[in-house]
Amino acid sequence: MQQTDVLILGAGVAGLTTAIKLAKARPDLHITVLTKTNENESNTAWAQGGVAAVWDKKQDSYQKHIEDTLDAGDGLCNEKIVDIVVHEGPERVKEIITWGARFEKKKAEDQYDLGREGGHSENRILHYKDITGWEIQRTLLEEMDRYPNVEFHEHFFAIDLLTQHHMGYSITRVTPGIECYGAYVLDKRTGGIETILAKTTVLATGGAGQVYKNTTNPSIATGDGIAMAYRAKALVENMEFVQFHPTSLYNTAGENPSFLISEAVRGFGGILRTREGEEFMKKYDTRGSLAPRDIVARAIDREMKQRGEDCMYLDCTHLDKEGFLNHFPNIYEKCMSIGIDPMKDYIPVTPACHYMCGGVRTDEMGRTSVLRLYACGECTCTGLHGANRLASNSLLEGLVFAHRIVEDILPKIDHLSIQTGIPEWDARGTTDPEEMVLITQSMKELKDAMSYYVGIVRSNVRLKRANDRLYLLYKEIESLYNTTSISPQLCELRNLVTIAYLITRSANMRTESRGLHFTTDYPNKKSFVDYSIL
Ligand SMILES: Cc1cc2nc3c(=O)[nH]c(=O)nc-3n(C[C@H](O)[C@H](O)[C@H](O)COP(=O)(O)OP(=O)(O)OC[C@H]3O[C@@H](n4cnc5c(N)ncnc54)[C@H](O)[C@@H]3O)c2cc1C
């Protein structure tokens, strides 16, 4: 068994920032950070648009950023959390600048070149070309390297969180005093399962976009942290609010993940059009192509269904080529690689699952409902996003809550001890899987059910269908899990079926349309606000 002071599961913006801040504040603490693949594979590394923060106080204000966030969240944001994130955000962004993050500046001026995205009333997005996430991931990895008290493991896959359940106690979601003592972890290189005991554990495992067929999220986004926390009986909230990005590149080759055409392209002047050139967004919202994501995604979905077409189009042909190339070199190159010249051709776009607004319920210090377990980043539901996330608020959320979690851990850590009495992983009675097809085919069925029945537009009949299919899949997968030796693919499938169930069940509970959740059976908003807590 391994022992550590703080175990951090995940190495994106949330996990790395938490590790750096802890390591810096307490060089005597031993901090273990795990990532299930390599150090560069995270949703963070894929972020394009940037980080939203109030920067230019002459033009912008905290109040405006707060109002934009609340407006997008459609009545479900926690106003206290929004206030915290918006006010503390700029300080946290300044910190990563001191660690070496480069954000674009205006030519010949020492001011940041602030971008604008859908739903923002001002320019406030700090960015690095169109690969801001890559720049943030690079900065954080380099900064973390400076601290010898951080032990970093690649290819370590967390399977389950350890609680009193593993010591033989029966616990339920309402049992008081549930505690987390670390995690069982699969070392993918040796195939061995380690028990890592920790005084405190931080979940920073990111989102779950892979539960849908079409997603901008990389393959790591299988909702492991949310599923593990749910199994450990932590509260999970607002899972029905799945953000579909309106504009992923429609590519007939069927790429996974789908390539994102950042909202910043519309902020820069790109206009959504039909094949014939009609600017159709004006029919749906006065803000046209810059309306919030949920409105744009539903409008594109509706136009596609009505017209029987597989995509709509983003027109950038009127934009300045030099400016476009400076801002979006990566997008330009990608389009050109599949024969689309953004300066001459419309870019074909289609919605793709992009972001989970729901997740493990946390409070203003990042604490979950399980003691000694924190959660940070996309795996959480902090209350910032409500029923819909405002673009570029998620990297910010990760930075702000990493700081707060560290502030909460520091005064407590010396009073905690490593739990004894946790048994080693028991693999008796399991055998090696004979046919991988049992896993791959179940994965396809799961994604199909979610994409067709629990996508952008939902209904009671579709949700019922999804529920029936998911129940069958759940039973088959649990049986496979209990009899077969552990593999990352099997664990991910098991986690994704849990995520699918949580989304579907939350969608069923919400008998109204609000934010990202739209159902044809209840097309209107209720006058009171409720939360879907599972
Ligand atoms: C294409 C794209 C563009 C985006 N653009 C923006 C943007 O412009 N602005 C913005 O604010 N947000 C953007 N987002 C969203 C944002 O990138 C994410 O919400 C954010 O980076 C999540 O950070 P995180 O640290 O929570 O998770 P991630 O960065 O996803 O990191 C998760 C980590 O957990 C690890 N992990 C997962 N499961 C396990 C396990 N079982 N065991 C061990 N390790 C595990 C992974 O290996 C990874 O290291 C974008 C997302 C995508 C996909």
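FYI, side chains are in, hydrogens and waters are out, and symmetry mates aren't considered; it's all heavy atoms of this structure. For clarity, every value in this text was computed on a predicted model and none was experimentally measured.
- Note: Thr216 OG1 to Gln48 CD = 8.5 Å, rounded to the nearest 0.5 Å.
- Distance check: Ile439 CD1 to Glu492 CD gives 10.0 Å after rounding to the nearest 0.5 Å.
- Donor-acceptor pairing under 3.5 Å is recorded for the side chains of Asn256 and Gln210.
- In this structure, Val51 and Ser392 have side chains that are not in contact, with every pair of non-hydrogen atoms separated by 4.5 Å or more.
- Counting only N and O atoms by type, the side chains of His127 and Thr132 include no donor and acceptor under 3.5 Å apart.
- Here the side chain of Arg462 pairs a donor or acceptor atom with the backbone of Val457 at under 3.5 angstrom.
- To the nearest 0.5 angstrom, Met228 atom CE is 5.5 Å from Leu203 atom CG.
- At a cut-off of 3.5 Å, with distance as the only test, a side-chain donor of Ser121 or Asp68 sits close to an acceptor on the other residue.
- Qualifying salt bridge (Lys or Arg N to Asp or Glu O under 4.0 Å) partners for Asp160, counting only residues two or more places apart in sequence or in other chains: Arg231, Arg494.
- Remark: the backbone N or O of Ala234 is paired with a side-chain donor or acceptor of Arg173 at under 3.5 angstrom.
- By the neighbour-count criterion of 12 heavy atoms within 6.0 Å, atom OH of Tyr471 is sparsely surrounded, having that number or fewer from other residues, nucleotides or ligands.
- Counting heavy atoms from C-beta on, the side chains of His403 and Glu91 never come closer than 4.5 Å.
- Within the 3.5 Å criterion, the main-chain N or O of Asp83 finds a donor-acceptor partner in the side chain of His87.
- Using a 4.0 Å cut-off between charged side-chain N and carboxylate O, Asp60 and Lys64 make no salt bridge.
- The residue from Thr215, Thr350, Asn214, Thr247 that alone fulfils the side chain to side chain donor-acceptor pair (under 3.5 Å) condition with Ser258 is Asn214.
- For the pair Arg404 and Asp408, the salt-bridge criterion is not met [side-chain N within less than 4.0 Å of a carboxylate O].
- Distance check, rounded to the nearest 0.5 Å: CG of Leu390 to CG of Asp71 gives 9.0 Å.
- For Glu303 and Tyr284, the side-chain atoms include at least one donor-acceptor pair closer than 3.5 Å.
- Side-chain contact between Thr17 and Phe401 is absent, with no heavy atoms from C-beta onward closer than 4.5 Å.
- Ring-plane geometry between His354 and His245 is classed as perpendicular, the angle between the planes exceeding 60 degrees on a 0 to 90 degree scale with a lower cut at 30.
- Side-chain contact check for Val85 versus His65: every heavy-atom pair is 4.5 Å or farther apart.
- Using a 4.5 Å heavy-atom cutoff, the side chains of Gln137 and Ser42 are in contact.
- Applying the salt bridge (Lys or Arg N to Asp or Glu O under 4.0 Å) rule to pairs touching residues 213-230 yields Lys36-Asp224, Lys213-Asp448, sequence neighbours excluded.
- At distances below 3.5 Å, not a single donor-acceptor pair connects side-chain atoms of Tyr453 with backbone N or O atoms of Asn467.
- For the residue pair Glu41/Trp46, the side-chain donor-acceptor check at 3.5 Å is satisfied.
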Exercise. Met312 and Arg307: side-chain contact (heavy atoms from CB on, under 4.5 Å), yes or no, with the steps?
Worked result: CA-CA 10 Å; Met312 286 287 115; Arg307 301 165 64 89; 3.6 Å; yes
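- No more than 12 heavy atoms of other residues, nucleotides or ligands lie within 6.0 Å of CD in Glu79, so this atom counts as exposed by the packing criterion.
- Between the side chain of Arg293 and the backbone N or O of Ala391 there is no donor-acceptor pair closer than 3.5 Å.
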For this session: Kindly indicate, with the supporting measurements, whether the criterion side-chain contact (heavy atoms from CB on, under 4.5 Å) is fulfilled by Ile125 and His120.
Result: CA-CA 9 Å; Ile125 319 288; His120 286 274; 3.7 Å; yes
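- Residue Cys311 is tested with Pro351, Pro348, Ser248 for a side-chain contact (heavy atoms from CB on, under 4.5 Å); the sole match is Pro348.
- Note that CG of Asp74 is 15.0 Å distant from NE2 of His385, once rounded to the nearest 0.5 Å.
- How far CG of Leu126 is from CD1 of Ile136: 9.0 Å, rounded to the nearest 0.5 Å.
- A donor and an acceptor atom, one from each side chain of Gln243 and Asn388, are located under 3.5 Å apart.
- A salt bridge does not link Asp521 to Lys464: none of the charged side-chain nitrogens sits closer than 4.0 Å to a carboxylate oxygen.
- Counting only distance, with no hydrogens or angles, the side chain of Glu240 and the backbone of His517 share no donor-acceptor pair below 3.5 Å.
- Between the side chains of Thr382 and Glu397, at least one donor N or O sits under 3.5 Å from an acceptor N or O.
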For this session: Apply the test side-chain contact (heavy atoms from CB on, under 4.5 Å) to residues Leu235 and Leu534: give CA-CA distance (whole Å), side-chain angles for both, the deciding distance (0.1 Å), then the verdict.
Result: CA-CA 6 Å; Leu235 295 180; Leu534 297 165; over 6 Å; no
Exercise. Should Val202 and Ile409 be marked as a side-chain contact (heavy atoms from CB on, under 4.5 Å) after you check the CA-CA gap, both sets of side-chain angles, and the distance that decides it?
Worked result: CA-CA 10 Å; Val202 182; Ile409 289 177; 4.1 Å; yes
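- When atom types are taken as modelled, the side chain of Asn217 and the backbone of Gly209 share a donor-acceptor pair closer than 3.5 angstrom.
- The pair Lys475-Glu478 does not meet the salt-bridge criterion, since no charged nitrogen lies less than 4.0 angstrom from a carboxylate oxygen.
- With a 4.5 Å cut-off on side-chain heavy atoms, Leu473 and Tyr501 do not count as touching.
- One N or O on the side chain of Arg514 and one on the backbone of Lys526 form a donor-acceptor pair closer than 3.5 Å.
- The backbone N or O of Ile331 lies less than 3.5 Å from a partner atom in the side chain of Asp130, making a donor-acceptor pair.
- Here the side chains of Ile295 and Arg287 are in contact, with some heavy-atom distance below 4.5 Å.
- Counting heavy atoms of neighbouring residues, nucleotides and ligands inside a 6.0 Å radius, atom CZ of Arg465 does not exceed 12 of them.
- Aromatic ring orientation, Trp134 versus Tyr128: parallel (interplanar angle below 30°, classes split at 30° and 60°).
- Not a single donor-acceptor pair under 3.5 Å links the side chain of Asn495 to the backbone N or O of Thr222.
- Between the side chains of Asn43 and Glu378, a donor-acceptor pair is found at a separation under 3.5 Å.
- Around NZ of Lys283, the count of heavy atoms belonging to other residues, nucleotides or ligands within 6.0 Å exceeds 12.
- When side chains are defined from C-beta on, Leu9 counts as touching Leu161, because their heavy atoms get closer than 4.5 Å.
- Tyr481 OH: more than 12 foreign heavy atoms inside a 6.0 Å radius.
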